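Computed from a predicted model, the values in this text were never measured in an experiment. Values reported hereafter were calculated over all heavy atoms of this structure, with side chains retained and with hydrogens, waters and symmetry mates removed.
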Amino acid sequence: MLLAERYRLGDDGGLLGWVAKQSGFLWNNAFALRPRADLTAPSYQDQQNQRGNGTICSYEKLESAVAHDLASCNPIEGGNKWFLSPLRIPVLEVVDSKGRHVEPDSWADKSPDSGGQRLFYKVALSRPGVVGRRVGDGQIAISSGLAERLMPELKGPELKNIAAKKNVDIFFVIDATASMQSAIDAVRGAEERLGVIQEIIHKLKLTPSFQETQFRFGFRVYRDPYADKLIANGLGDGVGEGLPLPSSCQLSPEQQQQNVQAFQQSITHVKTTSEDGDDYEENSYGGLAQALQQDIVACPDHLKLLFVIGDSGYESGMALDGSGRVVRSSSKYAHPIDESLLIRLLRGGEAKGVKNNSIVPFFIQTPSAESQAKHPRIYRRAYDRFTAQANTLLSQSLPAGVRAEEHLFRMGEEQLVDRLVRTVERFGGSSLINEIIVDIRGGEKLSAIISRLRREHVDIPGIYWHILNKGACGELGNQCEQQVFDTTLVGYIEANEQVVEELWLPSDALSSWIRILKGFEGYYELPEPQLRRALISAMILGLQQEIRRPPIDVLGETPAQYAQRRGSLPVRHHSPLLSYLVPALSADQLLRDPVSKKMVVAGMDGKPLTDKHNHPVLAVPACELRRLALWAAQSRQMLEIVERDFKRPQYQAVVWQPSQCPDATPNGQALLRINGNIEAVPLGADKNYRFGHVLGGQRGYWIPQEYLP
């Protein structure tokens with residue numbers, strides 16, 4: 001088979017190459033499934049309490065699906081997490097319990113062709129959602145995806161590094177001299193405002209995308225050697241008190257809370273110091289070296305966000321005499337720190353432009369206090385030194401292509417907390433790591449996963465992708481750059497109310513449908529003759545204007561078939577609006593069929609008009625036409641809500657009563673009546689939950705078929 005970027009070959013789509021037909025699946029309908037978002041029970045993950053997201057069963061064999069063989073059930077988890085991903089379960093065809101193909105139209109309208117039998121989706125199952133299978137005696141064989149979430153000790157070595165990035169270590173190196181009092185207060189918080197740690201816990205841990213993120217916190221303060229005689233528990237050379245990161249890499253909820261409490265208690269006891277003979281330069285290099293060599297080394301695979309907060313730089317051989325003059329000495333520190341050592345530690349190795357560790361450094365300089373300094377000129381020199389040294393450390397330790405200025409900020413305590421929380425938010429979402437793991441389990445190459453996610457998450461800094469790629473490639477081997485093709489299987493899922501049928505609509509196709517449906521606006525109240533002409537005009541002309549293909553064959557195809565065959569415009573199965581032949585809508589001459597007792601369309605000879613299957617064309621009564629016009633307007637409202645991406649239509653639908661339109665066709669009888677207004681409600685807790693995604697390099701929308709016309 002020849003693969004291309006577009007359904008139709010043209011100037012705007014390239015060829016991708018040839019692949020053996022037996023190596024793939026013929027998926028010619030862009031029709032896919034997901035379990036319902038509100039599916040809560042039964043859940044194979046929590047049989048007793050029925051908590052959490054419910055599951056549906058997929059089976060590798062049709063006979064297992066027909067028999068409801070739970071020992072062969074591969075549960076697929078529901079919930080609204082599906083809106084975080086472009087992945088769905090592709091439907092290859094619909095079959096009956098004997099494996100015979102069933103046309104979707106005959107199934108959708110419950111016609112006798114379906115035989116009243118149970119029906120099953122034949123699907124291609126790969127990465128999305130397969131979590132485990134029951135094996136009897138109350139036991140479940142847990143797949144790698146579920147093991148990743150429930151049993152950390154079972155993580156495969158090839159995913160250990162990438163999974164560890166759901167653990168985020170946050171460490172502060174802070175100047176603890178008097179000029180930094182307000183900054184320290186901002187970090188630890190006060191009665192009138194939460195500090196950084198409290199804000200991170202308060203805001204991020206309540207966000208679904210951070211639910212699995214484990215945070216660990218620590219800090220180290222620094223001053224200058226004069227403080228050694230003032231602070232009893234300092235480490236010497238002005239490197240003061242602190243809280244190293246916990247040695248345990250996996251913390252229970254209780255241990256995480258204990259870490260937060262230890263941080264708060266320790267930083268509360270930090271006292272700022274000053275001395276008249278201080279030359280303003282502080283031992284920032286000593287504090288940073290202590291952090292990099294000892295305080296943060298535990299659990300090196302964790303993502304480590306390091307914040308250095310101060311106002312003055314480092315100089316090992318300067319001090320002030322009693323008159324305020326700078327006095328140079330060989331070194332005022334017992335253990336001076338070489339800048340090259342810090343660069344190697346931040347880089348994780350010797351090679352410039354290559355970063356081999358998981359440390360993400362940020363330098364935050366508080367506003368200049370030169371106007372309050374006793375020696376303004378000397379203070380200004382120390383202040384400028386902080387900026388220059390931060391730029392040097394960053395530019396020589398960050399990976400190639402990452403700009404140092406993106407990691408150096410200048411701000412006061414009013415903005416400090418918000419900036420720190422926003423920075424952590426851009427790095428720490430566990431849902432993003434889960435998505436990468438699912439894609440890797442499904443056989444995708446890491447480079448392609450990262451490339452796709454970078455397009456979808458443009459706010460995440462480049463160093464994050466570098467760290468993920470560098471850490472995981474060593475464990476994945478060839479899958480870092482080569483896709484694995486042997487992970488997709490055929491499965492069977494029963495067609496019932498527990499699944500949602502969705503159709504993939506490219507962005508331009510969704511816009512086309514909204515434009516077509518706008519043509520139906522205001523037709524509901526028209527008299528019958530005008531209503532018929534208006535509906536036909538809106539439907540046929542609207543389709544032809546969007547598709548710009550040869551005109552519809554009024555007896556040979558429905559508008560839905562025309563939209564698909566002539567223009568590749570995706571259409572739902574058994575479309576309520578587009579499943580009529582044009583003569584059924586025009587109904588110029590009618591008669592009642594003596595056998596079926598139904599109203600049919602008469603031809604020029606006065607006999608029943610027949611379609612290409614030699615079946616009489618059922619006439620559409622005026623009451624059904626009004627339902628169609630109303631449905632078209634309501635479908636447009638739904639699609640406009642979907643196009644806004646982050647909300648879904650919410651409405652109450654009921655079946656029309658037969659007595660209200662006794663001559664309605666089967667299609668009209670299946671139409672739903674919407675009571676009240678259609679409301680737009682959020683898909684999830686934030687805008688990561690959306691209908692729109694990028695799939696195969698093209699932006700589009702997974703749209704439940706019930707919203708489509």
- Under the side-chain hydrogen bond (donor to acceptor under 3.5 Å, both in side chains) test, residues paired with Gln294 that sit two or more places apart: none

- Message: Strictly by side chain to side chain donor-acceptor pair (under 3.5 Å), give each pair with a member in residues 393-403 just once, sequence neighbours left out.
- Response: Arg403-Glu406

- Task: Applying ring-ring contact (aromatic ring centres under 6.0 Å, His included), run through Phe691 and Phe83 and close with a yes or a no.
- Result: CA-CA 6 Å; Phe691 283 108; Phe83 297 117; 5.7 Å; yes

To the nearest 0.5 angstrom, please state how far the [atom1] atom of [X] sits from the [atom2] atom of [Y].
X      : Y      : atom1 : atom2 : result
Tyr226 : Lys332 : OH    : NZ    : 9.5 Å
Phe172 : Ile184 : CZ    : CD1   : 12.0 Å
Ile174 : Thr272 : CD1   : OG1   : 12.0 Å
Arg648 : Asn80  : CZ    : CG    : 9.5 Å
Ile467 : Ile463 : CD1   : CD1   : 4.5 Å
Asn161 : Asp301 : CG    : CG    : 4.5 Å

- Thinking salt bridges, do Asp185 and Arg188 make one under a 4.0 Å N-O criterion? yes

- Does Arg422 come within less than 4.0 Å of Asp459, counting only side-chain N to carboxylate O? no

- Query: Glu281 and Ser312: which non-hydrogen atoms are nearest, and at how many Å?
  - Reply: CA-CB, 4.3 Å

- Message: Testing the basics here: between Gly310 and Asp175, what is the closest heavy-atom pair and its distance to 0.1 Å?
- Response: CA-CB, 3.8 Å

- Message: Is the distance from the ring center of Tyr314 to that of Tyr285 below 6.0 Å?
- Response: yes

- Phe263-Phe215 aromatic ring centre distance below 6.0 Å: no

- Partners of Phe171 by ring-ring contact (aromatic ring centres under 6.0 Å, His included), sequence neighbours excluded? none

- Can you name the ring-ring contact (aromatic ring centres under 6.0 Å, His included) partners of Tyr701, sequence neighbours left out? none

- 4.5 Å side-chain heavy-atom contact, Arg452 and Pro86: yes

- Item | Asp169: partners by salt bridge (Lys or Arg N to Asp or Glu O under 4.0 Å), with sequence neighbours left out | Arg216, Lys304

- Distance only, no hydrogens: is a donor on one side chain within 3.5 Å (strictly under) of an acceptor on the other, for Arg419 and Thr423? no

- Message: Working note: Arg223 + Glu241, criterion salt bridge (charged side-chain N to carboxylate O under 4.0 Å, His left out); need CA distance, chi angles, decisive distance, verdict.
- Response: CA-CA 10 Å; Arg223 303 175 184 89; Glu241 58 274 39; 3.1 Å; yes

- Task: Determine the interplanar angle of the His407 and Phe362 rings, folded into 0 to 90°, and report it as parallel if under 30°, tilted if 30 to 60°, perpendicular if over 60°.
- Result: parallel

Could you list the donor-acceptor pairs under 3.5 angstrom formed between side-chain atoms of residues 366-373 and any protein atom two or more places apart in sequence or on another chain?
from   : atom 1 : to     : atom 2 : distance (Å)
Ser368 : OG     : Glu370 : N      : 3.2
Glu370 : OE2    : Arg380 : NH1    : 2.3

